[in-house]
There are 2 protein chains.
Amino acid sequence: MAKKLAKSAVSQKRVLDAAARIFRDYGYAGTTMRTIADEADLKAGSIYYHYKSKDELISAVLDLSIRLLIDDVKGALAALPEGASGRDRVQAAMHAHLSSILTNGDYTLSSRRVIGQVPESIRNQNMRLRDSYAAIWQDILKGAQAGGEFRASANMSLVRLFVLGALNWTVEWFKPGGRSIEEVASEFTDLILDGLSDKSAADSAVSPVKPKMRAQAPSRVV
Amino acid sequence: MAKKLAKSAVSQKRVLDAAARIFRDYGYAGTTMRTIADEADLKAGSIYYHYKSKDELISAVLDLSIRLLIDDVKGALAALPEGASGRDRVQAAMHAHLSSILTNGDYTLSSRRVIGQVPESIRNQNMRLRDSYAAIWQDILKGAQAGGEFRASANMSLVRLFVLGALNWTVEWFKPGGRSIEEVASEFTDLILDGLSDKSAADSAVSPVKPKMRAQAPSRVV
DNA sequence: CACAAAATCAAACGCTAGTTCGAAAATTGC
DNA sequence: GCAATTTTCGAACTAGCGTTTGATTTTGTG
């Protein structure tokens, strides 16, 4: 009788991946079922066997996008030793966030590009997931501040928005083959934790950092 | 006889403003000439008296968006006293950038949301403007680093991407009526310049203070 | 007021969108 | 290897798209 088997699941994922790429490149309205079908080696009508509408497709892309991120960051935090400092936790979360969104760039980018154009109910559903992700960060930051590691004068909500903004923006300019994810994560972590100013005109010989001299194509900004 | 008068210019601007808002909300393909026309209190066909295609419209929105930003930031830098420190220049540029993109949120957001979906020639034209804006920032940062104000170990291209990323992201969450632009700008500036860590405990008691102005020869910038 | 120029309108055009559905093909259990 | 089931197809439908065009209204000037 009825038996759920692999064939369907494989096609379903193939369609979803294709959708993420096409939504990323053409936006919500600009994406057509026929284009997705082409990308997934299918005909347009066949998509409806797996997803019952374009909205259900974009909804699935949006949800997977944020779920992948939450899982990666939670995983990285769980892998830390028990007594890890706030600094370590921030560092781990930043690296995991960056690695996740850059590795799943299709989903992250398409998500970012269509989130504002999607029917409101779909957006609201997705926003709830995103809020729960923000809460994870808020815990890390507040914890480190309560422990005295971070300046008491800093507003942790703004810090979170600052850091996540800078991280999320990387999908706009990061290109594989240039700087490594680790390189970017490390530099960004240093920046947010210690700042840009040279605090020690005297003991500046302390920082054991090697200068990086990788030629890079002009990066897009704004 | 023929006389160019204001009426046309007024309508033209009204259509452009409407287009920015609609492109922002619905993306490139999702925006229809009829919707723009409604928003501008016109009929769809009438738009073609002012702009000869949808592409010309989006092109005008994209260009105005980046031009407004460039003018604001250049203006703020020009208003600084001659010997202003790198710190002051970064602060002024950050504030001007933030203020500009949040004040012109319709243009900034629509620009961000459609830039990836627009015909390539339009995108390339706009990218050239954006590269010139990036160059302004690169000059500020490199100048301050050369003057010894910023850590020599920091990669200024990454710093620029970090800072502008965090700033640009504000359009996603900033809502008038909440925190003021000045408040956000000030906190962000402190963060990037001095970092999040509380240095008052162990680290050097040399300069935990914040000298607003550095006595220093005017670094060559721009 | 009159009338030419400027600005807007209403209707229509060809095209492509999301979606539906019965038929065809591929796959599976026995 | 066959019949039942799952999956895919292809054609069709309606709706709405950007754009064109000739007619119509509004505007500024003598």
Side-chain angles (χ1 to χ4, degrees), chain A residues 1-62 110 113-114 117-122, chain B residues 1-23 25-62 110 114 117-122:
Chain A
M1 302 302 261
K3 196 157 170 207
K4 298 282 189 72
L5 229 14
K7 168 100 186 282
S8 181
V10 168
S11 282
Q12 192 164 338
K13 186 54 167 33
R14 195 158 34 95
V15 169
L16 195 64
D17 287 347
R21 286 192 294 272
I22 303 298
F23 276 123
R24 175 198 62 186
D25 290 343
Y26 299 99
Y28 176 66
T31 291
T32 77
M33 298 301 269
R34 286 166 178 85
T35 312
I36 295 176
D38 269 4
E39 179 86 4
D41 270 316
L42 239 67
K43 298 298 172 182
S46 309
I47 295 181
Y48 289 82
Y49 181 78
H50 302 285
Y51 298 91
K52 69 168 177 281
S53 72
K54 185 180 177 183
D55 281 359
E56 194 178 285
L57 241 185
I58 188 60
S59 188
V61 169
L62 291 176
S110 68
R113 297 231 168 110
V114 306
Q117 302 158 20
V118 121
E120 203 180 324
S121 62
I122 294 180
Chain B
M1 307 295 270
K3 195 156 174 213
K4 296 281 187 74
L5 227 16
K7 170 96 186 287
S8 180
V10 168
S11 282
Q12 193 164 338
K13 186 56 166 33
R14 194 157 34 94
V15 169
L16 195 64
D17 288 347
R21 286 192 294 273
I22 303 300
F23 277 123
D25 290 343
Y26 300 97
Y28 177 67
T31 292
T32 77
M33 298 302 268
R34 288 165 177 87
T35 311
I36 295 176
D38 269 4
E39 179 86 4
D41 269 317
L42 238 68
K43 298 299 172 184
S46 309
I47 295 180
Y48 289 81
Y49 182 79
H50 302 285
Y51 298 91
K52 67 168 178 283
S53 71
K54 184 181 177 181
D55 281 359
E56 194 177 285
L57 242 185
I58 188 60
S59 188
V61 169
L62 290 177
S110 68
V114 307
Q117 303 158 18
V118 124
E120 200 179 328
S121 62
I122 295 179

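Letters go in sequence order (proteins before strands), and every chain restarts at 1.
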Asker: Would you check if B/Tyr28 and B/Asp55 make a side-chain contact, meaning some heavy-atom pair closer than 4.5 Å?
Answerer: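 Of all side-chain heavy-atom pairs linking B/Asp55 with B/Tyr28, at least one is under 4.5 Å.
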
Asker: Whole angstrom is fine here: how far is it from CD1 in A/Ile47 over to C1' in C/dG18?
Answerer: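 Rounded to whole Å, this separation is 11 Å.
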
Asker: Could you tell me whether the side chain of B/Ile36 reaches within less than 4.5 Å of the side chain of B/Lys54, counting heavy atoms only?
Answerer: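 A side-chain contact under 4.5 Å is absent here.
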
Asker: Just N and O in the side chain of B/Ser11: are any of them under 4.0 Å from OP1 or OP2 of C/dA7?
Answerer: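 False: B/Ser11 side-chain N/O out of range (4.0 Å or more) of C/dA7 OP1/OP2.
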
Asker: Mapping B/Ala44 and A/Tyr48 onto DNA chain C by nearest heavy atom, which one lands closer to the 5' end?
Answerer: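 Looking at DNA chain C, the more 5' nearest nucleotide goes with B/Ala44.
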
Asker: Measuring to OP1 and OP2 of C/dA6, would you say a side-chain N or O of B/His50 lies under 4.0 angstrom away?
Answerer: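 For C/dA6, OP1/OP2 do not have a side-chain N/O of B/His50 under 4.0 Å.
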
Asker: In whole angstroms, how far is the C1' atom of D/dC17 from the CG atom of B/Asp55?
Answerer: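 After rounding, the reported distance stands at 14 Å.
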
Asker: Determine whether more than 12 heavy atoms belonging to other residues, nucleotides or ligands lie under 6.0 Å from atom OH of A/Tyr51.
Answerer: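 Count over threshold, so yes.
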
Asker: Can you tell whether the side chains of A/Lys13 and A/Asp17 come within less than 4.0 Å, N to carboxylate O?
Answerer: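 A salt bridge is present here (some side-chain N lies under 4.0 Å from a carboxylate O).
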
Asker: Give a yes/no on whether any side-chain N or O of A/Ser46 is located under 4.0 angstrom from OP1 or OP2 of D/dT7.
Answerer: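 Checking A/Ser46 against D/dT7: no side-chain N or O falls below 4.0 Å of OP1 or OP2.
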
Asker: Would you mind reading off the distance between B/Lys52 atom NZ and D/dG18 atom P, rounded to a whole angstrom?
Answerer: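 That distance rounds to 18 Å.
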
Asker: Under 4.0 Å from any atom of DNA chain D, heavy atoms only: list the residues of residues 22-43 of chain A that qualify, in numerical order.
Answerer: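 Here the set is A/Arg34, A/Leu42, A/Lys43.
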
Asker: Is a donor on one side and an acceptor on the other found under 3.5 Å between the side chain of B/Thr31 and the backbone of B/Ile22?
Answerer: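 Side chain of B/Thr31 to backbone of B/Ile22, a donor-acceptor pair under 3.5 Å: yes, one is there.
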
Asker: Hey, mind stepping through B/Arg14 and B/Asp41 against side-chain contact (heavy atoms from CB on, under 4.5 Å) and telling me if it holds?
Answerer: CA-CA 9 Å; B/Arg14 194 157 34 94; B/Asp41 269 317; 4.0 Å; yes

Asker: What is the distance, to the nearest angstrom, from the OH atom on B/Tyr51 to the P atom on C/dA7?
Answerer: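 Rounded to whole Å, this separation is 13 Å.
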
Asker: Strictly below 4.0 Å: does A/Tyr49 bring a side-chain N or O up to OP1 or OP2 of D/dT7?
Answerer: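 For A/Tyr49, the contact criterion (side-chain N or O under 4.0 Å from OP1 or OP2 of D/dT7) is met.
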
